[in-house]
Amino acid sequence: MTTQDPAAHPDPRAEALLRQAQDFADRVVAPRAIDWDRADQFDIATLREAAVLGWFGLQLPEERGGLGLPFSVKSRLTEILAGADFGFALSLVNTMNIGHKLVRDAPHLADRYLPDLLTGARLASTALTEPGAGTDFGAITTTARRDGDGWVLNGGKAWIINAAASDVILAYAQTDPGSRGAGIAAFLVDGQREGFDRREAFALTGQHSIGVGGFELHGYRAAADEMVQPPGQAFKYALNDINGARTYVAAMCCGMVDAALKIAGAYGRRRETFGRKLVDHQGWRWSLADADIDLAAARALVRHAEARIDAGQEARHEAARAKVFATRMAERHIPVLGQLMGAEGLSASYPFGRHTMGAKISGLVDGSSEILRDGLALRHAREPDA
Ligand SMILES: Cc1cc2nc3c(=O)[nH]c(=O)nc-3n(C[C@H](O)[C@H](O)[C@H](O)COP(=O)(O)OP(=O)(O)OC[C@H]3O[C@@H](n4cnc5c(N)ncnc54)[C@H](O)[C@@H]3O)c2cc1C
């Protein structure tokens, strides 16, 4: 039996953190998010307030200054924060991810960068996508050429979360043009070094708190020990890590629908038409039930994928199902729940517009809905022993 409260947790330390997150989401993120979108703002100061609470080290071992909590707590943290603002939650988790990957795959680089990542002094990104290659990751054209002991990187990255300001970046590059995934390696790119040129932050139609942007590498020199994942491993690792990302993005969709459901319900208890509260009109109430049912189903898929990741089990299909289902649920229900509030639902003081944009972003990041459906379909389209 899964509870519908993402902050309810059997581990008291995890529950305390998640209750603190709910308070931060309600008190800090939700009111500020209204201005972030109006002013096209990527609010680094609020990310640093979150860093003070220790969240950037949530999954790291205590000897690395972390809290030693499992993936599922990170996923629930993003769910709670996304209820207030999807972009803020996704920005935060992208910096968290790099600290975790450096500790796991390149401890010598963690020694160098972790102190700044834990305080939010420096922000981080994972950069796969390029102007010419998104879903087709194997087609990236950023190159890494051997130069003595090290590497020289050339190329451009686009649509990267936090890249409006981040300068600790795990960037993927091709070491053997024409070899697709087999030649791709991952490098730690330091945005304060020569050869790194940041592009202007991308103008979105909403959700500027995600800090999405791009950069170019012109003869950027990476030392041999700045290759975090070698060719042959990087592609595999990227696809493996992405199961976690797909799961927490699905959790974030649940957070947005939960918030929309609560706001619409509360409005319906206040607003009267035809001499009754809105909630007393049966036709009005049904949309709440539809969202409630799909939200419970999405959460069950998310909790299942989280549990498998915590247990170190394969979660490819579980994460894909959770993300496709939760994204569609959010795309469908957020506008309907906004409609329940009439004209008020369109006001910038409510999150329906921002959350609708969040659902659209969810359908693209970390594996688009089309590609994930294709992957799931192939299991059935092929012979079992193929
Ligand atoms: C806000 C935002 C943040 C992002 N953050 C990051 C980040 O931090 N790091 C990063 O590396 N990338 C990031 N991305 C990029 C994201 O991963 C890509 O947008 C995504 O992979 C889709 O690639 P594309 O936009 O180039 O679309 P394309 O690859 O050009 O595809 C266009 C459309 O066609 C569909 N399509 C493509 N091929 C097929 C097929 N074989 N069958 C059916 N349909 C297909 C796609 O699903 C998509 O709907 C971000 C994107 C956005 C919008």
Side-chain angles (χ1 to χ4, degrees), residues 36-37 40 42 78 82 85-98 101 123-142 155-174 180-181 184-187 189 191 198-199 201-217 228-229 234-235 237-239 241-246 248-249 252-253 256 319-320 323-324 327-328 330-331 354-378 381:
W36 294 339
D37 250 21
D40 294 359
F42 177 40
T78 62
D85 190 68
F86 178 90
F88 179 81
L90 203 48
S91 164
L92 182 110
V93 78
N94 268 268
T95 291
M96 288 166 82
N97 288 345
I98 296 299
K101 283 178 198 168
L123 302 180
S125 299
T126 300
L128 293 84
T129 304
E130 302 184 348
T135 44
D136 188 6
F137 174 43
I140 62 169
T141 58
T142 294
K157 295 289 176 184
W159 294 105
I160 308 301
I161 293 162
N162 287 341
S166 63
D167 56 13
V168 181
I169 299 171
L170 190 66
Y172 290 79
Q174 180 57 263
R180 291 189 56 87
I184 292 176
F187 294 86
V189 165
R198 192 183 308 285
R199 294 175 63 193
F202 290 10
L204 298 174
T205 42
Q207 288 290 351
H208 296 95
S209 51
I210 206 167
V212 80
F215 58 89
E216 281 167 21
L217 300 171
V228 177
Q229 294 153 3
F235 194 79
Y237 269 53
L239 294 183
D241 285 340
I242 222 165
N243 293 331
R246 287 172 182 166
Y248 64 62
V249 170
M252 290 165 64
C253 286
M256 290 190 291
K323 183 164 178 280
V324 172
T327 298
R328 285 175 161 180
E331 285 171 343
R354 279 186 296 112
H355 284 358
T356 298
M357 181 67 176
K360 300 308 296 175
I361 294 173
S362 167
L364 285 169
V365 293
D366 301 308
S368 71
S369 297
E370 293 76 22
I371 295 299
L372 296 185
R373 284 161 66 211
D374 221 31
L376 289 166
L378 285 176

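For ligands, and for the atoms within them, numbers begin at 1 and follow the listed sequence.
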Atoms in ligand 1 with a heavy atom of Leu128 nearer than 4.0 Å: 10 (C), 11 (O)
For Ser368 and ligand 1, does the shortest N/O to N/O distance drop below 3.5 Å? yes
Contact bool for atom 27 (O) of ligand 1 (protein heavy atom, d < 4.0 Å): no
In terms of side-chain geometry, is the basic nitrogen of Arg180 or Asp136 positioned less than 4.0 Å from the acidic oxygen of its partner? yes
I need the minimum non-hydrogen distance between Gly206 and Asp37, along with the two atoms involved. CA-OD2, 3.6 Å
Identify, for atom 38 (N) of ligand 1, the protein heavy atom at the shortest distance, and state residue, atom and that distance. Thr135 OG1, 3.7 Å
Between Asp85 and Ser209: side-chain donor-acceptor atoms closer than 3.5 Å: yes
State plainly whether the residues Asp366 and Lys323 are in salt-bridge range, i.e. N to O under 4.0 Å. no
Determine, step by step, whether Gln174 and Thr142 satisfy the side chain to side chain donor-acceptor pair (under 3.5 Å) criterion, reporting the C-alpha distance in whole Å, the side-chain angles of both residues, the deciding distance to 0.1 Å, and the verdict. CA-CA 6 Å; Gln174 180 57 263; Thr142 294; over 6 Å; no
Protein contact to atom 3 (C) of ligand 1 [nearest heavy atom, distance to 0.1 Å]: Val365 CG1, 3.5 Å
Pairs of nitrogen or oxygen atoms closer than 3.5 Å, one from Asp374 and one from ligand 1: do any exist? no
Distance from atom 24 (P) of ligand 1 to nearest protein heavy atom, with residue and atom: Gly134 CA, 4.0 Å
Looking just at side-chain N and O atoms, do Ser362 and Thr327 make a donor-acceptor pair shorter than 3.5 Å? yes
Suppose we measure from atom 13 (C) of ligand 1 to each protein heavy atom; which comes out shortest, and what is that distance? Trp159 O, 2.7 Å
Which heavy atom of the protein is the closest neighbour of atom 1 (C) of ligand 1, given with residue, atom name and distance? Ile361 CG2, 3.6 Å
Would you call the rings of Phe137 and Phe235 parallel, tilted or perpendicular, where under 30° means parallel and over 60° means perpendicular? parallel
What heavy-atom pair brings Met357 and Thr205 nearest, and what distance separates the two atoms? CE-OG1, 3.4 Å
For ligand 1, which atoms sit closer than 4.0 Å to a heavy atom of Leu364? 16 (C), 17 (O), 20 (C), 21 (O)
May I ask you to list the atoms of ligand 1 that are less than 4.0 angstrom from any heavy atom of Thr126? 7 (C), 8 (O), 9 (N), 10 (C), 11 (O)
Polar proximity ligand 1 side, Ile161 side, N/O cut 3.5 Å exclusive: yes
Which ligand 1 atoms are under 4.0 Å away from a heavy-atom of Glu370? 43 (C), 44 (N), 46 (C), 47 (O), 49 (O)
What residue and heavy atom of the protein are closest to atom 42 (N) of ligand 1, and at what distance? Ile371 CD1, 4.4 Å
Verify whether one side chain among Asn162 and Ser91 offers a donor that lies under 3.5 Å from an acceptor in the other. yes
For Val212, counting its heavy atoms only, list the atoms of ligand 1 lying under 4.0 Å from any of them. 3 (C)
Does the gap between the ring centers of Phe42 and Trp36 come in under 6.0 Å? no
Under 4.0 Å from a heavy atom of Thr129: which atoms of ligand 1 are those, numbered in the order shown and with their elements? 10 (C), 11 (O), 12 (N), 13 (C), 14 (N), 15 (C), 16 (C), 17 (O)
